[in-house]
Every structure is written in structure tokens, then in C-alpha cells.
Amino acid sequence: MKCVELVRTRDPKSSSSSSPSPSTTPSTHSTTLPLPGSPDHQSQEQLQTNNLGVVALGGTGGRFDQSMSSIHHLYILNRERHATLVSDESIVVVLGAGKHEITCNLDIEGPTCGIIPVGSSEATLTTTGLQWDVENWKTSFGTQISTSNALVGPKVTIETNAPVVWTTELKLK
């Protein structure tokens, strides 16, 4: 996968600067994607051809509301391209509905991992490659969620009927 660095750009014809709103965060001020219909926007076919991905550094940690905003923007970015949040302590990605085969780098990832139904009222999961694998397991906030699971090897398979967040511990320290 190729990675692309996003840099906020201003319309040179515009003399006004955008003012922050309650729905904007420092991460949205520094990462702006071209909107559909704009001259710089790429179609879904072009994105698949280019295989561009986004890696956002420092996307979690600190204030909880800012971390949740980063995850919110991760969902938005994943509509058009693969996006990953990387912090000092974790890697976070959104997995859409379907079956996902994940290869973890055990030199820097794990052992702790989790699958969290953020953005879905409920998800049904089947997993392999985890210490506590599940089959047709329903997960939702207020019932049960998969945190503090553990990788048992580099290969993990996750099948989900709804989008979920997959996170692994990052061992950089």
C-alpha cells in the first residue's frame, strides 16, 4: 500500500480563513481531502487504481473527545480509501462488513488487541488467530465488547456484518 500525506490547502482565490466550529478539531484543520465534484477529487475507480492510503500519526491519546473525533474521521476517510490511525501506543483501523484477513507484525504489534463496534449499534463477529476467538458473537455497547484480547500469531481473520474498529497495541517504546 502506498501512503499519502495530506496537507490542508486554502483556495488561493479566497481571502477569508475558515473559523473553527464545534465539529472541527485540530486533525480536521490539518487534513483536508478534496470533496466530490472538486477539481482535485478522484473517483472511486481512480483511488483503487492508485491504491492510495492515509496514515494519520498521533490520532489517539490525550483527550477522549479528540480521540473519538479521530475515529469519526477515520470512518469518513474509509469511505474512499484505506486509513489508519497510529499513536505511540496503538494502531487503529476501520473494518467494513465482510471477511478480513490481517497480517500483524509481531515485532511491533500486540499482544493486546480489540474489536470495538464503534459506529454500529451491533455487530456479529467470527474470529480466528486470537486468544479468545468467537463465533457468531454479538457485540454492542451496553452488552459486551472485545477489548484486551491477544494475538496468538501473525494471522488474524475477522468476519463482521457491520463496521467495527480493529486496534492493536503498538510496541515502540
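- By the rule that hydrophobic residues join a cluster once side-chain heavy atoms approach within less than 4.5 Å of another member, Ile158 and Val93 end up as members of one cluster.
- The shortest non-hydrogen separation linking Pro163 to Ser120 is O-OG, 2.6 Å.
- Residues Asn149 and Gln131 are in side-chain contact: their nearest non-hydrogen atoms beyond the backbone lie under 4.5 Å apart.
- The stretch residues 97-115 participates, sequence neighbours left out, in these side chain to side chain donor-acceptor pair (under 3.5 Å) pairs: Thr103-Lys155, Glu109-Thr168, Thr112-Glu169.
- The shortest distance between side-chain heavy atoms of Val164 and Val118 does not fall below 4.5 Å.
- The shortest heavy-atom contact between Cys104 and Val156 is SG-CG2, 4.3 Å.
- Residues Leu95 and Leu125 fall within the same hydrophobic cluster, defined by Ile, Leu, Val, Met, Phe, Trp and Tyr side chains chained together at heavy-atom separations under 4.5 Å.
- Looking only at side-chain heavy atoms (C-beta outward), Thr139 and Ile115 stay at 4.5 Å or farther from each other.
- No donor-acceptor pair under 3.5 Å is formed between the side chain of Lys138 and the backbone N or O of Thr143.
- Put simply, the side chain of Asn136 reaches to within 4.5 Å of the side chain of Thr126, judged on heavy atoms.
- Leu85 and Met68 fall within a single hydrophobic cluster, where Ile, Leu, Val, Met, Phe, Trp and Tyr are joined by side-chain heavy atoms under 4.5 Å apart, directly or via other members.
- The minimum heavy-atom distance between Thr160 and Ala162, with the atom names listed, is OG1-O, 2.6 Å.
- Grouping the Ile, Leu, Val, Met, Phe, Trp and Tyr side chains by contacts below 4.5 angstrom, directly or via other members, places Phe141 with Val94.
- Residues Thr124 and Trp137 fail the side-chain proximity criterion, which asks for heavy atoms closer than 4.5 Å.
- Side-chain contact check for Ser70 and His72: no donor-acceptor pair (N or O, by modelled atom type) lies under 3.5 Å.
- Residue Val152 comes nearest to Leu130 through the heavy atom pair CG1-C, 3.8 Å, listed as atom of the first residue, atom of the second, then distance.
- With a 4.5 Å cut-off on side-chain heavy atoms, Thr167 and Ile91 do not count as touching.
- No side-chain heavy atom of His82 sits under 4.5 Å from any side-chain heavy atom of Leu77.
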### Query
Between Ile102 and Thr157, does a side chain to side chain contact (heavy atoms under 4.5 Å, CB included) hold up when you go through it step by step?
CA-CA 6 Å; Ile102 302 165; Thr157 302; over 6 Å; no

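- In this structure the side chain of Ile116 never reaches within 4.5 angstrom of the side chain of Trp166, judged on heavy atoms.
- Side chains of Asp133 and Thr127: a donor on one and an acceptor on the other come within 3.5 Å.
- Residues Pro117 and Ile145 come closest through the heavy atom pair CD-CG2, 3.7 Å.
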